[in-house]
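Heads up: the structure comes next, in structure tokens.
Small disclaimer: the values here were computed from a predicted structure and weren't measured.
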Amino acid sequence: MKRVILILLVAMVSFATDADAQQTKYNYHKTGYWGSVQAEGGAVLCGGGGGSNIGISTVHGGRLGHGVAMGIGLGFYADINNFYYAVNVPVFLEAKYSPLKSGKSPFVSLRAGLSVTDNLDTGFYLAPAVGVDLGRVSLFARYGFNLFPTSVDISFPELDTNITTTANIKVHSMSIGVAVNF
């Protein structure tokens, strides 16, 4: 799986750094369609047993002018450690702000939405990012946070009692990635 993401990253960068793609300045200060395909990888900091994470996502929406873009997105992420893997599929809204009118500009973005895991738990997804736009290519660092409320059954056989309570599973991750904007 890591090799597939690495191959996707290399392909996206080589496609986006093509001379024709770089001659066209991509400007968030003009209105119009905004689309993005992103590949990223990093580490699960706590929750979910640690390990590494890799993923791919896409966002589609519009550039609203004044450096602002907003869209709706879908991702596919896998958290991998020595013992197991977990799949996470977030559906989110993303807002991005790129302050400079040139083709090269720093940016900040924020994703917020819902996330579904491979065992159908649904939770909250929040992922701010900082990075730099280099024409149609963006490089970024993203912090990811997932919160999954879940039910836990506790059994006391000596009392012949079962208790069901709720617990929150929190997963924190840091990743770096590359995006191709179109």
Please name the pair of heavy atoms, one in [X] and one in [Y], separated by the smallest distance, quoted to 0.1 Å.
| X | Y | answer |
| --- | --- | --- |
| N181 | S36 | OD1-OG, 3.4 Å |
| F107 | L139 | CE2-O, 3.9 Å |
| V68 | Y97 | CG2-CD1, 3.9 Å |
| R111 | Y77 | NH1-OH, 3.1 Å |
| P90 | F76 | CD-N, 4.4 Å |

Roughly how far, to the nearest 0.5 Å, is the CG atom of N27 from the CZ atom of R63?
7.5 Å
Rounded at 0.5 Å granularity, tell me how far NZ in K101 sits from NE2 in H66.
8.5 Å
In terms of ring plane angle, is the pair Y28 and W34 parallel, tilted or perpendicular, where the classes change at 30° and 60°?
perpendicular
Would you say V59 and I72 make side-chain contact, with heavy atoms under 4.5 Å?
no
Heavy-atom check, side chain of V44 versus side chain of V171, under 4.5 Å:
yes
Would you please test I80 and I54 for side-chain contact (heavy atoms from CB on, under 4.5 Å) and show each step?
CA-CA 8 Å; I80 304 164; I54 54 175; 4.2 Å; yes
Of all residues at least two apart in sequence or in a different chain, which pass the side chain to side chain contact (heavy atoms under 4.5 Å, CB included) check with T58?
V37, H60
Under the side chain to side chain contact (heavy atoms under 4.5 Å, CB included) test, which residues partner L110, sequence neighbours left out?
L126, P128
Would you say [X]'s side chain and [Y]'s backbone share a donor-acceptor pair under 3.5 angstrom?
| X | Y | answer |
| --- | --- | --- |
| S105 | L100 | yes |
| H29 | P99 | yes |
| N53 | G42 | yes |

For [X], which residues count as a side chain to side chain donor-acceptor pair (under 3.5 Å) partner, sequence neighbours excluded?
| X | value |
| --- | --- |
| T117 | N119 |
| R142 | Q38, E40 |
| D133 | K96, S98, S138 |

Please collect all ring-ring contact (aromatic ring centres under 6.0 Å, His included) contacts where either partner lies in residues 108-136, sequence neighbours excluded, each pair once.
F92-Y125
